[in-house]
Amino acid sequence: MEPLLSVENLRTYFYLSRGVVKAVDGVSFNIMRDEVFSLVGETGCGKSVTALSILRLIGPPGKIVSGKVMFEGRNLLELNEADMRKIRGKEIAMIFQNPMTSLNPILTVGFQIGEPLMAHFGEDKKSAISKAIKLIRRVKIPDPDIRARYYPHQFSGGMRQRALIAMMISCRPKLLIADEPTTALDVTIQAQILDLLMELKKDYKTSMLMITHDFGVVAEMSDRVGVMYLGNIVEMGEVEEVFENPLHPYTKGLIACLPLKPERKKKLEHIPGVLPSPINPPRGCKFHPRCKYAMDICREKPPETIDLGGHIVACHMYSR
Amino acid sequence: MAGMLKYAVKKIFLGIPAILGVSIILFSIMHMIPGDPIVLIVGERVDPSRIEELREAWGLNKPIYIQYFYWLSHFIQGDFGTSIIHRQPVSDLIFSRLPFTIELTLTSLIIAYIIGIPIGVVAALKRGSWIDYLAMGFAIFFYSMPGFWLGLMLMLLFGLYLKWLPLSGYSGPESLILPALTLALPSIAMIARLIRSEMLEVLTEDYVRTAWAKGLPSRTVIFRHAFKNALIPVIVMFFLQLPWLIGGAVVIETVFAWPGMGRLLYKSIVRQDYPVVQAIILIIAILTVISNILGDIVSAILDPRIRLEEAG
Amino acid sequence: MNPLLEVVNLKKYFVHSRGILFRKKIVVKAVDGVSFSINRGETFGLVGESGSGKTTVGLTILMLYKPTSGKVFFDGMDITEIPRRKMKEFRRRVSVVFQDPYSSLNPRMTVRQHLLRPLKIHKIASGEKADELIIETLRKVGLGVEHVHRYPHQLSGGQQQRVAIARAIILRPDLIILDEPTSSLDVSVRAQILNLLLDLQKDMGLTYLFISHDLLTIRHMSDKIGVMYLGKIVEIAETDELFKNMKHPYTATLLSAAPIPDPRRKSLKKMIIRGEPSSPINIPKGCRFHPRCPYAIEKCSRKEPSLVDIGGGHVVACHRIGEIDVSSEARAVWSILIGSRQVK
Amino acid sequence: MSYSRRAISKIHALIAVVIIVAIAVPIIFFIYPHLMPSPTPQIQYKKTLVIAIPEEPEGLDIQQVSWANEIHDLIYQPLVVFDENMNMVCDLAVSWEVTDNGKSIIFHLPQDAQFSSGNPITAQVIKDSIERYRQISPYAEDFAVVSSIEIIDDYTVKLVCEEPPAYLWAVLITVYGAPVDVVSARSMGNEQFNVEAIGSGPYKLKEWVHGSHIVLVRNDKYKTNLPFVENKGPNPYIDEVIIRFIPEDLTRISELEAGNVDIVRGVPVDAVSRLMQNPDIKLYYTLQPGIDYIMVNVRKPPLDDVRVRKAIALAVDRDSLVQVLENTSIPWYCFISPSMMCYNETIEEIAKNTYSTNIDEAKSLLASAGWTDTDGDGYVDKDGAPLELTLLVPVDRPQLKRVGPLIQDQLKQIGIKVNVREFEYSYVRQKTREWDFDLALRAWSWADPDILIYLVHGTIANYTYANPTVDQLLEEGRTVMDPVERTKVYSRIQSILLEDLPMIPLFVNKEYTAVRKNVVGLIVLPPYGSIVINDVKIIIGES
Amino acid sequence: MYKSKIGIMDNVLLNARRIIEGLRMMFYYKMALIGFFIVCAVTIIAIAAPLIALRRYDETNVADRLKPPSSEYPFGTDDLGRCIFSRVIYGSRIALMVGLIVMLIEASIGVVLGLIAGYYGGIADKVISAITDIIWALPPLVLALGIVIIIGPGLLNVVAAIAIVSWPPFTRITRAKVQSLVNREFILAARAIGENNFNIIVRYILPNVLSPIIVLATLTIPSAILSTTALSFLGFGAQPPTPDWGAMLAEGRDKMIYAPWITTFPGIFIVITALGFNLLGDGLRDMLDPKLKI
């Protein structure tokens, strides 16, 4: 089956005065229709930049250097700005991490939710806002008629995230990118929002790209997962498969170091060392300085990605 | 709006101690100036005994605090007193000049904003490009120029050589252009700087990114989501600058023989005309309080966060 | 044995004036009557969501905030009213590690200066001796001499947190207040820091007050846990007891709502409670949790439940103890967790 | 940003347009009328005379102000004035006579004289006017000598004095001595009268825009007895006189050159040579009735030593000073200038011979006073202390401000270290009055030598200098009516002062009035350069 | 201060790297670089003034007055026959001195008050803020004029007067910045280890508010130079024969038409110097804190 979105060998670099940061350095993955795909990784691994690159929302000093982002047969990276604008919000929508700051403080929530409708379907303000009210009801904010006239600061964090979701599903996008949608929220609210997202996904038959650092969220939400480390996907596969049978030493380490031992106050497994500087990443496999299985070849040569029957891994241990 | 009114009244009352403070400090400063206004104003052929008589006649021989309370009690009743130098009611001297001052100040501020805001916005959008450098360089150039030199050069160029504009004085709206421009050109840099940094800040805000991600046209993103937000503090700044400029135009008023208050204030300080100085400074202080209130009200109108905080 | 720290009915209200136009006073009841005690060498976990007041408890115990009322006994002395001289002693014996390591270090001070200050203030050491102590302490937290002259921004998040910990232990304190020490760190680093904290506790005989919103981390670290909601503790118990036999609906909710890193979790129903926490400005009458509680009855909105000891030091503040069994669901989740797979 | 570059460039275009519009629209809007052959220029030349003066007057009531200016000249009409040769002639008065051995002056008034308000000018009015002056003017002492004012009939008034009032003429010929409409003043109150003063001069107040200008209109009731004007009534050629206050010299002169102003008073030194070359401009000048001088604190060592004062007088190179002033001044050595009464050329000759620049003599005088340069630092010293003096310079007297540093440099040549301190003139005067100074640059303008009583009289003047002989002579000078005898008295005073040197004369300024060529018939009268515009016509169309 | 033996080299290298990094940043911000070069040039001129100048700055020569620029007098002479070139060169000393002294006074008053107001809050904050607001609302030039009249003329008095009336921006910036810092965790941490208020202000807060202060201080220098110019225009500037650019400009303005060199050269030097500091300040702001609102 044709994937909805196919990212091929995407590279996005940031040209800073200190040097070049290769934030995304050759990332490839597919998202099928009606699928939830997660990108998981620690701070600075490039998962957010990947998402922003898909929508071409990278501003200077960042630049998409190469690669392809195929969406319904079109390479988004080659579209002109006007066509790209038609994609954003309408075909592919994105929810950002911090609901507190992602809404414009001087516009009403209803108006902001209606804005994509005005921009993409040429609706007038009145009908856009009346549709916005329906959307607000849909994301389960009480009293939608009144709330539409509220300003963001009158909303709590959870409600703002709901409003953002309403805004982003207003044009019934085919793909919804959620960049750490619950990180800034409390546990109980987080559960509500994740629940809402899953419900909407089912109703609207939207595919989702979930960006998170939280393995819990990944496990609950996704069908497939890609694990990123320093600009590369090191492992990718069905969620159950990756969790049950992690192949890459990094993935193994991450899962092992969760504080889930039956006995408390015992030492946890951990990945030694620190994240290397993104400006001067290690030669060869970027993970090798922290890898307890590192071999000589790891220091020399970046590993190829190996497809082990839908479970993809980039590690020399598995190369033939 | 009733609330606003209530607030304004309250704020003015709160401003009264500050204004009183200003007036007391000023009164003492004026009396600290060595010298005696009468000796200063009269010419050579005056008898020393006559000076004493005048001092008594004009109430200048009383202790300072009595002079002050006398002056204050009259001021409260709307009597600004009599100028020592001009022997005329201070209110006449001031209120005939005030319209000119406000006209000049407002015009120059508006010019500065009209030119400064686009420069700042372009500089912010094109940060680090030659346009940024050029725009800010241009603005800073005028900012670095002594005001009277700029004024005299503009006057000689447009008034004397090209004969495009009136040289000086007030003879209709076109005579406003040169002094207003002289006053405005240096302020452009300030405003451009401010709007630039506001824009830079707003452009990195998450909600601007959200707006891009919604697929809004750039025009909408930049104006509706970035510029509007960046403008709020700049507009509030407008009101805060207003009183500051009123007394600050001494130099420009002198160059262009503009009948404003700055020149009167300057002359009155130099010649120790206490009642005039006191009255002008107090008016400026009151204007400051009023413009602060206006600034608050405007920012409340523009920014729902403040507006609703007050209402709720 | 006397507890090292005893908090009795601690209250901390913040009074703000809000509004530019119409100023009005707003009372935020951040901590509204909290009592617990920590024994020497023990770790007490304080868990709760944002706004529950757990951080304020920590800062008030440290006397960085003046308590509105209540008492804090440290090693038998009431530190809410001790003289300045004694205060210094208290400062030496109690230290703190904050959540965000970058903002808890002065960006304009090197690692050495950070560690030297406490030594100077408390006149512990100076000169060469101080430097030796600094290096020794850095070694203890897993840093080397090469880090001595670095500025915080030249260190990674984990290293920054190690510096913060080094600062906290350099005076050899008795009690360390750990305010979400790992929640801003990445998973791989988090484990390192947790291990370090455990090591230090063992080596130095430290007592911890461990504040976190993450039930799993807090379970791993604590001997005893208090669950906070809107400025009050709703449940306190020994860790194992709490997880096996949680009584308060909120405690159960917290565990159930947390995303569990196991795909098998998908098959279990989640306990999703409605609404959002009320604001500490506007605390609901009766049980603070009742507007969101699935088990709430009429009484809950009327009367505030008090903490009841149900045996073995397990105290709960709920009107419906015994009537409902919140832990069956939690136990199911728990079994998945504890039956954690082994990583090959 | 990559995703919006195109859009931003559109915004640029938009913003550029906004800027251009913001700048261009006002310019086009305001300039357009100027580019068109506009039939309505802003200032009308034919019937309106525009005069630019540096400072706004304090007030219009001549009896309340401390400085008279051009506006008062036009609003008021003295009884008598000096003509161009400094002979006394009638203005308002028909005639005058001196009686009672010079102790009384009788003025005869015209029978139909009126103020611009229409109130008649009678003997009673003259009396009331002088009485009012004695009450409220800062210069009330001017009439102190008048013991009583007798009304002989409605049109004859007699000023009776205790002794011959020699110096009273100096007041009477100025606008200070002009009658004011006392009846109106009484009904208006003094404050209001100061704004809307009424006199009997050729023009009356129409409008005073504070800080900007005053508009005067023709006083149709004006009549004069001035012998040297052709037009003895209202000037039909000038309906209005606009007096603009332009403090900045360059602006004032530029306005004249641009043709927006017909007459400029207070022509700055720097503009004189330039204006002389301008074919569109005529320059008139009168000589300052007084001198610019250095006042010396004779009580303060080392200036209490006359040798030091003389050395200073000898060290100052007045020719250089004048050169720096573009020759708009004349070097001066004695205390009475040619445009003052009792001027004596011989004294000036003697003074010039005595105090012409002579560095060597100055140095030897200093040496004889014990001041020599022992440490070779270029400055003389005595008992280890260098000779260091502070020179107060008034910033608002352009001539004095300019020569300050030059005098400093000249005194350096004889080894005196001078620190220049600049203040407003009034403040310099205050400092000297308080004896808190070493040297101060000062000036006066008053045609009668009686002014000296306010400068060097031991008790009246209250300056540092006191000499009983001088005091006595000054008092005598007030009472001598015969000009020749009076000149002798003041010559004696000058001789003593030249010996004592409490003041060191520097120069006498030429006071210029710049007028556009097409303004004809203007008369500038000594000693104060008052302008008489009875015969003025402004011809337009003439280049 | 005692330095650990181990790591001294490390430290040296570290600091060297920071300086190089700073200079490299400067190159990245071209405006700042231009400003920096101008400031350096003016400073060099000021230091080397006796070597560059052709004559004494107070040497009058009436015979050579009002000479246009020539090989003998590169910038011409003024109405007293003084060499404008030499005066302009010596004037750079005055300008820099004025700028630096004003900046130092303003910064010390403003920063101290700002630190107190921001750190202690409460009544101290209210009082200081009120004073700051009042002073800032009054026209600074006129106020400075009044003070000059009280304390008498002279360059140092002018400098003091300007400084006394224009410190409020320092207080405001410092106060705002301090307020954003006082509840930061490292301040809490400092209090937790027992630092007293003085040490917290000096060691923890001050270094962190320094960057906006440096920017503001740089921008204060040109405005001080321009303020003295304005006071000179009103007749209250430097006392003769001080070769103050502003005084030269103000005194020569009547001859702007027929002896323009008297004003042109000091004017150009004022503009260039002020431009240099302004560019440097603006560039520094871009480097240190682009969102700073000054």
Side-chain angles (χ1 to χ4, degrees), chain C residues 55 58-59 62-65 84 87-92 94-122 126-128 130-132 134-135 144-152 154 164 167-168 170-171 173 176-177 179, chain E residues 1-19 21-22 25 119 121-123 125-126 129 133 177-214 288-289:
Chain C
T55 296
L59 295 179
L62 279 164
M63 289 296 119
L64 295 180
Y65 293 152
R84 279 179 82 94
M87 195 66 201
K88 203 164 178 183
E89 168 73 7
F90 172 71
R91 291 256 176 266
R92 194 194 67 70
V94 179
S95 60
V96 61
V97 176
F98 290 106
Q99 169 175 5
D100 180 357
Y102 183 67
S103 85
S104 74
L105 297 177
N106 183 348
R108 307 281 166 174
M109 272 190 181
T110 61
V111 170
R112 175 172 176 276
Q113 286 167 315
H114 273 108
L115 299 185
L116 191 60
R117 285 307 301 163
L119 298 178
K120 283 249 164 97
I121 296 162
H122 296 283
S126 62
E128 210 147 343
D131 273 333
E132 274 162 23
I134 287 168
I135 288 164
V145 278
E146 69 274 17
H147 298 111
V148 164
H149 290 299
R150 299 230 177 131
Y151 285 90
Q154 294 165 318
R167 175 176 58 188
I170 197 163
L171 295 174
I176 302 184
I177 292 172
D179 186 1
Chain E
M1 194 176 143
Y2 177 80
K3 282 258 188 277
S4 168
K5 277 176 228 150
I6 333 155
I8 266 197
M9 269 320 287
D10 200 29
N11 194 27
V12 169
L13 281 177
L14 212 72
N15 282 325
R17 217 182 303 145
R18 287 181 73 200
I19 291 165
E21 179 78 357
M25 286 262 283
Y119 185 73
I123 291 177
D125 182 24
K126 284 211 174 93
S129 299
D133 287 350
K177 196 83 185 167
V178 172
Q179 280 182 336
S180 76
L181 284 173
V182 279
N183 284 321
R184 284 275 292 277
E185 288 175 345
F186 73 88
I187 303 292
L188 291 175
R191 284 168 59 196
I193 60 168
E195 292 277 18
N196 59 27
N197 287 335
F198 178 80
N199 271 325
I200 288 178
I201 291 176
V202 172
R203 289 172 186 270
Y204 293 80
I205 290 179
L206 192 57
N208 286 291
V209 298
L210 226 45
S211 60
I213 293 171
I214 289 171
L288 300 173
D289 196 348

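Order of the sequence lines sets the chain letters (A, B, ...), proteins ahead of strands, with each chain counted from 1. These numbers come from the heavy atoms of this one structure, side chains and all, not from hydrogens, waters or symmetry mates.
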Region of C/Ile177 that comes under 4.5 Å of a non-hydrogen atom in chain E: neither

Considering all heavy atoms, the nearest C/Ser104-C/Arg167 contact: O-NH2, 2.8 Å

Neighbourhood of chain C inside residues 196-205 of chain E, taking heavy atoms under 4.5 Å as contact: E/Asn199, E/Arg203, E/Tyr204

C/Pro152 versus C/Asn106, closest heavy-atom pair with distance: CG-O, 3.4 Å

Atom pair CG/CD1 of C/Leu171 and E/Ile193 - distance to nearest 0.5 Å: 7.5 Å

Region of C/Ser95 that comes under 4.5 Å of a non-hydrogen atom in chain E: neither

Close side-chain approach of C/Ile134 and C/Leu115, heavy atoms under 4.5 Å: yes

Part of C/His114 within contact of chain E (heavy atom distance under 4.5 Å): neither

4.5 Å side-chain heavy-atom contact, C/Val96 and C/Ile176: no

Contact origin within C/Asp179 toward chain E - heavy atom pairs under 4.5 Å: neither

Part of C/Val94 within contact of chain E (heavy atom distance under 4.5 Å): backbone

Interchain contact, C/Leu64 with chain E, by part (heavy-atom threshold 4.5 Å): both

Heavy-atom closest contact (C/Arg150 atom, C/Glu146 atom, distance): NE-O, 3.6 Å

Residues forming a side-chain hydrogen bond (donor to acceptor under 3.5 Å, both in side chains) with C/Arg117, sequence neighbours excluded: E/Glu195

C/Arg112 and C/Asp131, any side-chain heavy atoms less than 4.5 Å apart: yes

Nearest heavy-atom neighbours spanning C/Phe98 and C/Leu59: CE2-CD2, 3.6 Å

